Amino acid sequence: MLVPDGLLLGLLSISQNFTTEKLHFTKTLDYMSYIFDNKYVLRSRDEWKKFLDNLLQELSDHLGLELNKCSYFVEEQSEGDTCYGCHIDFRATLSEELNLELCGILCFTVNWGERAHAGAFLLYYQEGERLCPKADDEYVAYMPRELSGWGRASLELGEAGEWSSYTTMKRWE
């Protein structure tokens with residue numbers, strides 16, 4: 001479903017809670033420096049799932065939405081790997097009256113000894129059909145996790161058809 005750029009950008013601002021208290025940042029600063037620590041750490045699948053759960057709860061608090069877990073992608077980590085990545089799929093109702101849903105993928109990647117990165121890709125659906133700002137459905141909202149907290153979402157253009165297959169919410173059901 002095509003929608004004007006302004007409407008999708010409006011949805012971005014609706015789904016962002018800008019009332020995060022300074023106390024929250026102080027409380028999470030140690031946790032966040034742990035998240036962005038690029039020193040090699042060997043974790044079990046359960047430890048990675050807990051790690052993703054914590055990030056998802058933080059995003060949920062930031063957005064002021066109840067984000068419901070749908071599935072994880074957590075591979076077994078191997079000794080000597082130079083990088084690692086995992087993600088959690090989530091879903092939330094933005095408006096029952098408008099049948100408006102938010103589906104997303106919260107990703108974490110790290111190149112050991114170099115850098116770590118966390119962020120969430122956000123896709124909007126109405127009546128189960130994806131809302132897109134342009135005829136090209138490769139646009140997706142992206143919200144980076146910065147050291148000071150969740151950044152502001154912006155529209156990003158995907159590459160090589162990575163988002164065009166998500167025309168329905170099937171992945172999140």
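Residues take their numbers from the sequence shown, with the count starting at 1. No experiment lies behind these values; they were computed from the predicted model shown.
The structure places CG of Leu100 at 6.0 Å from OG of Ser95, a figure rounded to the nearest 0.5 Å. If you take OH on Tyr72 and NZ on Lys49, they are separated by 6.5 Å, rounding to the nearest 0.5 Å. Of the inter-residue distances, the one linking Leu42 atom CG with Glu79 atom CD reads 5.5 Å to the nearest 0.5 angstrom. Here CG of Leu122 is found 11.0 Å from CD of Glu156. Values are rounded to the nearest 0.5 Å. With values rounded to the nearest 0.5 angstrom, Leu94 atom CG is found 6.5 Å from Tyr124 atom OH. With rounding to the nearest 0.5 Å, the separation of CG in Leu67 from CG in Leu55 is 12.0 Å.
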- Message: Run the side chain to side chain contact (heavy atoms under 4.5 Å, CB included) test on Asn54 and Lys50 for me, step by step, so that the C-alpha distance in whole Å, both residues' side-chain angles and the decisive distance to 0.1 Å come before the verdict.
- Response: CA-CA 6 Å; Asn54 288 338; Lys50 180 65 176 160; 3.7 Å; yes
- Would you check, one step at a time, whether the test side chain to side chain contact (heavy atoms under 4.5 Å, CB included) holds for Tyr125 with Thr167? CA-CA 9 Å; Tyr125 293 86; Thr167 56; over 6 Å; no
- Item | Derivation of the side chain to side chain contact (heavy atoms under 4.5 Å, CB included) call for Gln57 and Asp61 | CA-CA 6 Å; Gln57 184 58 55; Asp61 292 345; 2.8 Å; yes
- Message: Between Val140 and Tyr166, does the side chain to side chain contact (heavy atoms under 4.5 Å, CB included) criterion hold? Intermediate values first, please.
- Response: CA-CA 10 Å; Val140 64; Tyr166 299 114; over 6 Å; no
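Trp150 approaches Ala120 most closely through the heavy-atom pair CZ3-N, 4.0 Å. Across all their heavy atoms, Gln126 and Leu98 have their closest contact at NE2-O, 3.2 Å. Heavy-atom minimum distance, Ser60 versus Glu66: OG-CA, 3.9 Å. Nearest heavy-atom pair across Cys83 and Trp112 is N-CD1, 3.6 Å. Nearest heavy atoms, Phe90 versus Ile105: CE2-N, 3.6 Å.
Judged as a salt bridge (Lys or Arg N to Asp or Glu O under 4.0 Å), and not counting sequence neighbours, the contacts of Lys69 are Asp53. Evaluation of the side-chain contact (heavy atoms from CB on, under 4.5 Å) rule for Phe73 yields Glu75, His87 as partners, not counting sequence neighbours. Checked against side chain to side chain donor-acceptor pair (under 3.5 Å), Glu162 has no partners two or more places apart in sequence or in another chain. In this structure, the ring pair (Phe, Tyr, Trp, His ring centres under 6.0 Å) partners of Phe121, at least two apart in sequence or on a different chain, are Tyr142, Trp163. Residues passing the side-chain contact (heavy atoms from CB on, under 4.5 Å) test with Thr168 are Lys170, sequence neighbours excluded. In this structure Thr109 satisfies the side-chain contact (heavy atoms from CB on, under 4.5 Å) test together with His117, sequence neighbours excluded. Applying the salt bridge (Lys or Arg N to Asp or Glu O under 4.0 Å) test to Glu76 and every residue at least two apart in sequence or in another chain returns Arg45. Residues satisfying the side chain to side chain donor-acceptor pair (under 3.5 Å) criterion with Thr93, sequence neighbours excluded, are absent altogether.
Among pairs with a residue in residues 83-100, those fulfilling salt bridge (Lys or Arg N to Asp or Glu O under 4.0 Å) read Asp89-Arg171, Arg91-Glu101, at least two apart in sequence or across chains. Note on residues 112-121: no pairs pass salt bridge (Lys or Arg N to Asp or Glu O under 4.0 Å), not counting sequence neighbours.
Between Trp48 and Phe108, a ring centre-to-centre spacing shorter than 6.0 Å is recorded.
Panel note: side chain Ser44, backbone Glu47; a donor-acceptor pair is recorded below 3.5 Å.
Side-chain contact check for Val74 versus Tyr84: some heavy-atom pair is nearer than 4.5 Å.
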